[in-house]
Amino acid sequence: MLNDVYITDIKKTKRGYNAIFSQNGFEVSVDDVIVEQYNIEIGSCLSRREFVCIKQQSANQKREDKCFTLLSYRMHSEKELRDKLLKYFDSYTADCAVERMRELGYLDDEKFAFSKRDYLINVKKHSLKDTAMRLSALGVDKNTIDNVILNFDTGSESDVIKELIYKKYMSRLSRPEKVIASLVRKGFPLGEVKKAVYGILENIQEE
């Protein structure tokens, strides 16, 4: 029939896919699973309807493979993953991929926000304010951000301030106002910064 697709060639691509060619030229690249599922080989004949299904199945597989690759490195917010997928796929495909990852449980903005918060504060030594701004830039909604920030022990932020002073500002404590201004610009609350700076200065004087 005119709409049938006759397989004229199959070539292995650099990425391990199988490039399928028909009487009309290149059709689609698919993985080995699809090749076996549809018994695709040179000389075989498939209906156009079957080929539409093959192309859709291949597209779904490729977008999921890209998602799994990105998520294997670290957690992502939904917006962050979608933005990265848009470098490879159209908007509709990216949206479908994000929805699929959410259904599978690989995307959870709240878990992501808690994890990112702990990393930014405990490892990178960012302030709560700066952390909230960074989470917002990553597409986390305001309610989720408020929740993860409110659930953080503010006493721990005081510890972060002190740690920063001991690691980076000890040589500059002769000008405490400069140290205070620098830490406040990083988003730390003025009251906590002053308390930490003058507390450390007092300890130094007592020693």
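Positions are given from 1 along the sequence. Only a predicted model underlies this, so the values are computations on that prediction, with no experimental measurement involved.
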Could you tell me if Lys129 sits above the aromatic ring of Phe188, with its cationic atom closer than 6.0 Å to the ring centre and no more than 45 degrees from the axis? no
When you check the gap from the basic side-chain N to the acidic O, do Glu192 and Lys195 get nearer than 4.0 Å? no
In this structure, are over 12 heavy atoms from other groups packed under 6.0 Å from Lys111 atom NZ? no
Ignoring hydrogens, what is the shortest heavy-atom contact between Arg172 and Val179? Give both atom names and the distance. O-CG2, 3.5 Å
Which pair of non-hydrogen atoms, one from Phe89 and one from Lys62, has the smallest distance, and what is that distance? CZ-O, 3.9 Å
With no hydrogens and no angle check, do the side chains of Ser77 and Arg82 hold a donor and an acceptor under 3.5 Å apart? no
Check the surroundings of atom NZ in Lys194: do more than 12 heavy atoms from other residues, nucleotides or ligands lie under 6.0 Å from it? no
Does atom CE (Met170) have a neighbourhood of more than 12 heavy atoms from anything else shown, all under 6.0 Å? yes
Taking atom types as modelled, find out whether Asn18 and Asp31 have a side-chain donor-acceptor pair closer than 3.5 angstrom. no
If you look at every heavy atom in Lys79 and Gly139, which pair is closest and at what distance? CD-CA, 3.3 Å
Can you see which heavy atom on Leu107 is nearest to which on His76, and at what distance? CD2-O, 3.4 Å
State whether Asp159 and Lys125 are salt-bridged, where the test is any N-O pair (Lys NZ or Arg NE/NH1/NH2 against Asp/Glu carboxylate O) under 4.0 Å. no
Work out which heavy atom in His126 is nearest to a heavy atom in Thr131; give both atom names and the distance. CB-OG1, 3.8 Å
Does the side chain of Ser127 come under 3.5 Å of the side chain of Asp130 through a donor N or O and an acceptor N or O? no
Could you walk me through whether Phe114 and Asn147 pass the side chain to side chain contact (heavy atoms under 4.5 Å, CB included) test, one step at a time? CA-CA 9 Å; Phe114 273 108; Asn147 183 38; 4.1 Å; yes
Taking every heavy atom of Phe152 against every heavy atom of Glu157, the minimum-distance pair comes out as CE2-N, 4.0 Å
Quick check on the 6.0 Å ring-centre criterion: do Phe51 and Tyr38 meet it? no
Is it the case that atom CZ in Phe68 sees more than 12 heavy atoms from other parts of the structure closer than 6.0 Å? yes
